[in-house]
Every structure is written in structure tokens, then in C-alpha cells.
> 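Dumping the structure here so I can ask a few things about it.
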Amino acid sequence: MDKMIARAAWWLAALLIAVLAVAGAADTGFAIHMGIVALAAVIGLWVSLTRTDYKAVASGAITAPDQSRYDDDPIRWGVIAVVFWGLAGFLAGLYIALELAFPALNLGLEWTTFGRLRPLHTSAVIFAFGGNALIASSFYIVQRTCRARLAFPGVARFVFWGYQLFIVLAATGYLLGISQGKEYAEPEWYVDLWLTVVWVAYLLVFVGTLVKRKEPHIYVANWFFLSFILTVAMLHLVNNINLPVSLLGAKSYPLWAGVQGALVQWWYGHNAVGFFLTAGFLAMMYYFVPKQAGRPIYSYRLSIIHFWALIFLYIWAGPHHLHYTALPDWAQTLGMVFSVMLWMPSWGGMINGLMTLNGAWDKIRTDPIIRMMVMSLAFYGMSTFEGPMMSIKSVNSLSHYTDWTIGHVHSGALGWNGMITFSAVYFLTPRLWNTGRMYSARMINWHFWLATAGIVFYTASMWVAGITQGLMWREYGADGYLVNSFAETVAALHPMYLLRAFGGLLYLSGGFVMAYNVWQTIAGRQRVEEPMDVAPYDAETDRPLVAVPAE
């Protein structure tokens, strides 16, 4: 009873503060955001009151959670959130791709312009789709590898719902024009503070589960997750040291300015890629690939070398985003050298993942989930070769500020992050809802081919567009003047922009196939279809019900 009263009091206090902030807001955007916070407080208060078993409270018969079972509720919510935010992010990406090909789609409205929708797309796919995948999978993996129930279950639920509130505040802020204008760090000061609170709670749950583990060894996936959580926290705090104009207004100014601000931003930006989009997803790879293949990781020693080399080298690579700028030349060279060195540990991880299939390569023909995992590792290897190559100054002089960079980012995001996340969703869904298998293995296969074809159209068109841009921008005539105007460059790229949009449409179509497959699986249905030899698993041991071939 005391806990219920305390919870209701917290929600009421949050509601009161939000209403007062709306009343005293210095600008419309801040008032709208505080209104969203007030709505969230009302929903939280309603849920806490309506879900209370008052008879049990009165009799004192409150049932403690079963400590012999894993706490999977936040993970189930996370899987649903991954699918929902993935579709939202892919749809926004397709729309802005069409805006570049057909500018009339800006519609003459400020909140539908490319400048507002583009950060909506990047944050939706990175922080909403990818972030929910990382939180859900880390909660799943840390429990299984530690043989311990999640520490602080109430805090774990706060992490999930608090993170959804962050996503909504950030997304609506972009549409309203509330932005710092920093890549991957657009939310304003008060949204950043809220994310800090959520992230500290996330660290508390994860570390608390590690501390209470029954398994003496800490599996390598948990090291990657821990490095991702800690490093992202550090990056977020340093890059978002801002001074608000008003405590009741949205606008703030960063402490860092000029070239120092640019260096801090790209130290953050590149390591957001390095730790959010690489280390965290490598943790997923090190768990889900061996589990789906039914094989141990190829080399545990290599995984440890891979871990320490990657986290040491990645943190220094950010200056390669600032070649040929006011940044001192030594700092640019430092970023380039460490970027080239990153190629080796990155491929160590790719090789470790692929070689895990030793003795199980036949599954690529019959298991579309394994096929997705292999494709994700292939794109990881390609992107982590292309990135170091693009950091070399002579290559960077051609590639930077062009669509080649866009193609590089999306080969990694769609191929590596997207494919490993899709395969994790397909791995988790039947286990979390105890259905034995997905609704349709053939739909997973359709998703694989739609996504793969979409990535090929997208990246290939952007590679061609980027090199075209770079060459046209640097072409000089006999008189020493540039031959091509900017408008002529844009016109030359129009066919490539259409191909990119087509690739995005294919990728989005695969996302809808996944959403339908997950929905039907959760509903407990299974499609009658020709088998693809995808082995069902034993719910007790979580292992395939067929014999595993010898090496």
C-alpha cells in the first residue's frame, strides 16, 4: 500500500510540475513538450491506480515476483517497440529520399521540410529502432548469460518507458524546429537531461544484474554492452554541456564553440557510431549468432582481443570528419591513423562471427535467420573497410560532403545494424511468447531478399552519386574556373536519387513483412507452408531439436 501511494505521489508531482512549466513556458515548443510530459504523467498515474489489486493490498497477500524465472516483460515491450519505431524510421527515410528527388514534397510547410524530417529519420532509426533493440537484447542476454533475474525490476520498466518518452520528445522537437543542430545530438538541453536520468537507470539495472550473477564468468557480449553504456554516457555528457537561455524555454547554447565545438561534436558523433552502432550490436552478434547456429563462438580469445583493441582505437578516430578544416593538421592525421588501424580489430570481429558457422554452413541454405546474420557480418566487414579507406586524406578530398558518405553510412546501418536487429527480433519473438517458431519462415526469407535488394540499390546509387559529385565539384576549365555549377551537379544526380528511393521502398516493404510476421507470431498463429528446415527449439534448453553436425 505504501509503494502504491508513493508511486501515485510521484506521478502527481510530475503532473503538477509539467502543468506549471506549461503555464510559464517562454516559447511554444517548450510548452508543447511540457504538455507531452503532463500527458505521460496522467497515463502513468492512471495505469498505477487501475492496475493495483486493492483486495490483495488490503489482505497483505502481495505475491512476490518469481525469482526462478527471467524478467522478460520489458523485453517483450522492447521487441514491439523495435518493430514500430523501425517502420516509422524507414518511412521517414523514404519520404525524405523522395523529397530530394521531388522537392515539391516539402509541401511548403516548415514541419515537413527536409531539414526537419531528416533528423527525425536519423534519430528514429538510430535511437528508437536501434536503441530499443540494444536495451531489449541486453536485458535478455545479461539474464541468460549470468543466470540471474534482472536487478531492480521497477527501474528496468522505468528505463523502457522513460526511453520511449525521450524518443517522443526528441521526434516532436525536430518537427517543431527545436534542435541544437548537432549530428546525432539534436535534442535540446532538457531532453538531454531526461535521457541522462534514463541512461543512469539503465546502467544501474545492467550492472546490478552482473553483480548478482550466478555464473562466475562474464560473457564477452556483456563486456561489449557495458562499454557501450558507459562510453555513450560519457560522450552524451561532454557533448551536451549547454547553457539554457531560460529554465522554462527550449533554447540553449553549447559551452564549446568554433573548431573546439566541431572537434567535440565529431568526437561524439563518430563514437556514437563506434559504441552505439558497433559495440552494442557486436554484443548482440556474439550471443545470437552462436545461439542460432547451435555452435560455440569460433574463438573466445579472439573475441577478447577484438573487444580491447576496438574500444581503445575507436575513441581516437573522430577527427577524420574534419579533414581540410581549421582543426590542427596533427589532430587530423591522428584521426586518420587510428581510423586505418581500426580496420584490423573490426575484421577480427567479422571473422570470429563468420567462422562460428564452421560445421554449420549448410544452415545458410535452409535457415533465413542465419542468412540474415551472415549478411549483417558481411556488411559489417565491408563498412569497416570502407570507413578507414575514406578517412585517408587523399580519398577524403573526393568523398567528403558527397553522397558517397551517405552510401557508406547506410551500408553499415541498413546492412549491419538492420540485418542483425531483424535476426534478433526473429530469434526473440517465438521464445518470448513461447510459440516454438515464427509464424512464417518463408516470410523471413522474403524479408531477407527485400532488404538485401534494397540495400544494394541504395548503396550502389549513392556510391555513383558521390563519386559523380566529387569529380564534378573539382573539375576546372582552362580559364581556372569551376566548370560545373552546383545546380548542374544536382541535376546529374536525379536518376541516382530515384534509385535510392526505390531501394528504400524495398527495405520498407521488408519491414512491413516483418511486422506482419511478428504480429501473427505473438497472436499464436503458425502459417501452413512448405518447410525450410528451420529447426524448432527446446523451450527448456533453448537448443535446436535436431542433431548438431560435428566439425
Side-chain angles (χ1 to χ4, degrees), residues 3 6-7 10-11 13-14 17-18 33 36-37 40-41 44 71 73-75 77-78 81 123 126-128 130-143 146 148-170 173 180 182 184-213 218 221-244 247 252 254-255 264 267-268 271-272 274-277 279-280 283 311 315:
K3 287 185 177 180
R7 194 180 301 120
W10 277 109
W11 285 120
I17 293 170
H33 270 173
I36 293 172
V37 173
D71 185 5
D73 282 345
I75 305 166
W77 306 337
S123 287
I126 295 172
F127 298 116
N132 275 295
L134 289 168
I135 292 172
S137 61
S138 65
F139 283 170
Y140 183 89
I141 291 169
V142 75
Q143 292 185 90
C146 292
R149 187 178 166 89
L150 273 184
F152 315 114
V155 180
R157 283 149 179 77
F158 167 77
V159 170
F160 175 79
W161 291 111
Y163 196 71
Q164 307 315 304
L165 178 59
F166 158 73
I167 293 168
V168 171
L169 290 175
Q180 294 188 72
K182 291 183 175 183
Y184 312 136
E186 289 93 347
E188 269 290 1
W189 65 275
Y190 54 96
V191 183
D192 287 332
L193 285 176
W194 176 248
L195 178 60
T196 302
V197 173
V198 173
W199 209 255
V200 170
Y202 180 25
L203 176 64
L204 180 66
V205 174
F206 191 83
V207 173
T209 308
L210 289 177
V211 169
K212 64 181 286 191
R213 70 186 185 277
I218 299 178
N222 293 323
W223 285 108
F224 275 101
F225 276 131
L226 190 59
S227 70
F228 140 69
I229 297 169
L230 287 172
T231 310
V232 167
M234 176 185 68
L235 298 167
H236 174 75
L237 289 173
V238 175
N239 192 46
N240 290 295
I241 301 178
N242 285 22
L243 298 175
L247 293 178
S252 67
L255 183 64
V264 170
W267 169 77
Y268 163 89
N271 288 296
F275 287 87
F276 202 97
L277 295 177
I311 65 167
I315 207 77

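For the single chain, residues carry numbers from 1 onward in sequence order. These numbers come from the heavy atoms of this one structure, side chains and all, not from hydrogens, waters or symmetry mates.
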> What heavy-atom pair brings I315 and F275 nearest, and what distance separates the two atoms?
CD1-CE1, 4.1 Å
> Please tell me if the side chains of V37 and W194 come closer than 4.5 Å, counting only heavy atoms from C-beta onward.
no
> CZ of F225 to OG1 of T209: how many Å apart, nearest 0.5 Å?
12.0 Å
> Would you give the length of the straight line joining atom NE2 of H236 to atom CD1 of I241, rounded to the nearest 0.5 angstrom?
10.5 Å
> Compute the ring centroids of W199 and F228, then answer whether they are less than 6.0 Å apart.
yes
> Can we call the ring centroids of Y202 and F139 under 6.0 Å apart?
yes
> Answer yes or no: are there more than 12 heavy-atom neighbours, outside W223 itself, under 6.0 Å from its atom CH2?
no
> Parallel, tilted or perpendicular: which one describes the rings of W77 and F160, with boundaries at 30° and 60°?
tilted
> Are side-chain heavy atoms of N132 and I167 found at a separation under 4.5 Å?
yes
> Return the minimal non-hydrogen interatomic distance between S252 and N242, and the atom names on each side.
OG-ND2, 3.0 Å
> For A221 versus A283, what's the shortest heavy-atom pair and its separation?
O-CB, 3.2 Å
> Considering non-hydrogen atoms only, spot the tightest contact between A185 and Y268 and give its length.
CB-CE2, 3.6 Å
> Side chains of V155 and L150: does their closest heavy-atom pair fall under 4.5 Å?
no
> Is the shortest side-chain heavy-atom distance between L203 and V207 below 4.5 Å?
yes
> Going through the checks in order, is the ring-ring contact (aromatic ring centres under 6.0 Å, His included) test met by F158 and F152?
CA-CA 10 Å; F158 167 77; F152 315 114; over 10 Å; no
> Considering non-hydrogen atoms only, spot the tightest contact between A156 and V205 and give its length.
N-CG2, 3.7 Å
